[in-house]
Amino acid sequence: MTSYRNIVVLTGAGISAESGLKTFRDADGLWENHRIEEVATPEAFVRNPELVQRFYNARRQQLSEVSPNSAHIALAEFEQTFNGRFLLVTQNVDDLHERAGSQNLLHMHGELKKVRCLLCNSVHRYATDIEASTECPACGRTALRPHIVWFGEMPFYMDEIYQALEQCDLFISIGTSGHVYPAAGFVEVARQCGAHTVEINLEPSQTEDLFAERRYGAATTEVARFLNSLPGQ
Ligand code: APR
């Protein structure tokens, strides 16, 4: 059996579903209550900043009601003992990976617990509600937005992520439907560069055909099962 030296993991909303956070595109998905273009675009923020801030304030508050599940924890524990390079890229804006103990982690779609100033561009950790009157900790002006990548905006850390994908020998995608690019295209990059590719999801994703290995079931059982099956574990 191959021993992997360089692993990239991509996670999506499915890994946090069993912690109690709704996924985006499942039947009871988040966007059914709030139409996507009403809350997750730069245009929506210009049109109705109060609605957008309320929406993200509620999601930020919800983080204190949920905890990492065994899939988040399995990834963090694996990283601690893995004797090679390990990068976790998440599309999730929740903080469950870091609370589980993950270290080398990139939030490509931003973080609920960060804000950015539209005027001075500084980014700050922020755990409570953003109001119209909330001042930027750096410049004191009142133009804070959630540090979230909205539709039509460029995800964060792309150079770093592509470099890691080109070098990895194992790529694992967990709990993502494969609808949203560029993340949905990561499997193709890893595959072209010779990595073994694995999909772990409740059901086949949009890009299932691109994966060499597929494991379908709940993240809380399948993630640990897969990681434990790797050589040397
Ligand atoms: N275990 C594993 N997979 C699960 C579970 C579970 N318990 N529950 C749901 N899933 C799967 C679903 O079957 C679905 O394929 O997780 C996937 C979630 O897909 P989406 O809701 O589309 O979420 P995601 O792929 O993360 O969305 C990508 O879209 O709206 C934007 O920026 C937002 O980051 C988000 C991006």
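Atoms within each ligand, like the ligands themselves, are counted from 1 in listed order.
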Open item on the list: Distance under 4.0 Å to a non-hydrogen atom of Gly12: what atoms of ligand 1 satisfy this?
Closed with: 26 (O)
Open item on the list: Checking the N or O distance criterion of under 3.5 Å, is ligand 1 in contact with Asn201?
Closed with: yes
TODO: For Glu18, take its heavy atoms, then give the atoms of ligand 1 lying under 4.0 Å from any of them.
DONE: 1 (N), 6 (C), 7 (N)
Open item on the list: In terms of relative ring orientation, are Phe78 and Phe86 parallel, tilted or perpendicular, with 30° and 60° separating the classes?
Closed with: tilted
Open item on the list: Other members of the hydrophobic cluster containing Ile73, with the 4.5 Å side-chain heavy-atom rule, please.
Closed with: none
Open item on the list: Testing the 3.5 Å rule here: is there a donor-acceptor pair between the side chains of Ser102 and His72?
Closed with: no
Task: Glu79-Asn104 side chain donor-acceptor pair, cut-off 3.5 Å - done: no
Task: Nearest candidate to atom 17 (C) of ligand 1, where distance is taken over non-hydrogen atoms, out of Gly175, Ser173, Ala40, Ala71 - done: Gly175
Open item on the list: Is there a polar contact, in the sense of an N or O pair closer than 3.5 Å, between Ala13 and ligand 1?
Closed with: yes
- [ ] Verify, without hydrogens or angle tests, whether Asn69 (side chain) and Thr220 (backbone) share a donor-acceptor contact under 3.5 angstrom.
- [x] no
- [ ] May I ask you to identify, for Ala17, whether its side chain, its backbone, both or neither come under 4.0 Å of ligand 1 on a heavy-atom basis?
- [x] side chain
Task: Validation row, ring centre Phe82 to ring centre Tyr4 under 6.0 Å - done: no
Open item on the list: In this structure, does ligand 1 have an atom that sits under 4.0 Å from one of the heavy atoms of Gly217?
Closed with: yes
Task: Greater than 12 external heavy atoms within 6.0 Å of Asp209's CG - done: yes
Open item on the list: So if I count the atoms of ligand 1 from 1 in the order they appear, which ones are less than 4.0 Å from some heavy atom of Ala219?
Closed with: 1 (N), 2 (C), 6 (C)
Task: Side chain, backbone, both or neither: Val180 near ligand 1, heavy atoms under 4.0 Å - done: side chain
Open item on the list: Residue-level breakdown please: for Gln91 versus ligand 1, do any non-hydrogen atoms fall below 4.0 Å on the side chain, on the backbone, on both, or on neither?
Closed with: both
Task: Contact summary for Ile15 and His97, nearest pair of heavy atoms - done: CD1-CE1, 3.9 Å
- [ ] Decide whether the shortest distance between a heavy atom of Ala218 and an atom of ligand 1 is less than 4.0 Å.
- [x] yes
Open item on the list: One residue to check: Tyr216. Relative to ligand 1, which of side chain, backbone, both or neither has a non-hydrogen atom less than 4.0 Å away?
Closed with: neither
- [ ] Check whether any N or O atom of Gly178, backbone or side chain, sits under 3.5 Å from an N or O atom of ligand 1, and answer yes or no.
- [x] no
Open item on the list: For a quick test of reading the model, state the closest non-hydrogen atom pair linking Ser205 to Phe211 and the distance between them.
Closed with: OG-CE1, 4.4 Å
- [ ] Take every heavy atom of His179, measure it against each atom of ligand 1, and state whether any distance is under 4.0 Å.
- [x] no
Task: Atoms of ligand 1, numbered as shown, that sit under 4.0 Å from any heavy atom of Phe151 - done: 30 (O), 31 (C)
Task: Nitrogen or oxygen of Leu202 less than 3.5 angstrom from that of ligand 1 - done: yes
Task: Set of ring-ring contact (aromatic ring centres under 6.0 Å, His included) partners for Tyr126, sequence neighbours left out - done: none
